[in-house]
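Notes follow the structure.
Residue numbers run from 1 in the order of the sequence given.
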Amino acid sequence: MTLSLTPEGSLFARVGEERLRRVLWAFYAKATADDLLGPVFARIGPFPRGGWPLHIARLEGFWRAVTGGPSAYRGQPGPAHTSLGIGPAHFGRWLALWEQTLGEELPAAEAAALLGLARRMHPNLERHALATPPEAPHVH
């Protein structure tokens with residue numbers, strides 16, 4: 001008998017590890033080639049090399065966690081989007097590409113569920129992205 005770390009009815013169990021990874025790589029291939037989003041992601045390095053394997057692994061951990069899968073993710077997605085120079089248009093484009101990719105890679109029910117999660121996260125991420133970072137203390 002093997003012990004499953006993933007509840008059988010979880011979204012992660014329905015999507016599966018390989019399909020989730022495929023979705024992320026397919027999505028970020030689109031995002032890095034996009035005129036609006038590409039420059040934001042350029043800091044990670046040339047896709048699919050540079051820092052992308054580590055970045056995708058971190059994102060996979062995040063999506064595993066929010067879909068009920070096994071994950072060691074302990075990041076803070078909101079603050080991670082602060083000071084990137086992104087705004088509402090970037091998030092709108094991100095969601096459009098995410099929806100397109102999900103539709104291409106997943107069955108309709110799983111695509112809709114992942115899109116719903118992204119739409120619910122959107123306001124929090126955008127709020128952090130638009131926040132003005134605190135100024136560094138002045139040294140006198």
May I ask you to test the [X]-[Y] pair for a side-chain heavy-atom distance under 4.5 Å?
X: Glu60; Y: Tyr73; result: no
X: Leu95; Y: Glu99; result: no
X: Val15; Y: Thr67; result: no
X: Pro46; Y: Thr32; result: no
X: Glu104; Y: Val23; result: no

For the backbone of [Y] and the side chain of [X], can you confirm whether one donor and one acceptor N or O come within less than 3.5 Å of each other?
X: Trp52; Y: Gly45; result: yes
X: Arg19; Y: Arg14; result: yes
X: Arg64; Y: Pro70; result: yes

(request) Among Tyr28, Phe41, Phe27, find the residue that satisfies the ring-ring contact (aromatic ring centres under 6.0 Å, His included) test when tested with Trp94. (result)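 It is Phe27, the one option of Tyr28, Phe41, Phe27 that forms the ring-ring contact (aromatic ring centres under 6.0 Å, His included) with Trp94.
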(request) Please test Phe47 against Trp25 for ring-ring contact (aromatic ring centres under 6.0 Å, His included), starting from the C-alpha separation and ending with a verdict. (result) CA-CA 10 Å; Phe47 187 86; Trp25 280 102; 5.5 Å; yes
(request) Could you check Glu18 against Arg22 for salt bridge (charged side-chain N to carboxylate O under 4.0 Å, His left out), going step by step and ending with a plain yes or no? (result) CA-CA 6 Å; Glu18 290 303 316; Arg22 189 173 64 235; over 6 Å; no
(request) Please report the closest heavy-atom contact between Ala111 and Gly103, naming both atoms and the distance. (result)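 Heavy atoms only, the tightest pair is CB-N, 4.3 Å.
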(request) Mind checking the CZ-NE2 spacing from Arg43 to His55? Nearest 0.5 Å is all I need. (result)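 Reported value, rounded in 0.5 Å steps: 10.5 Å.
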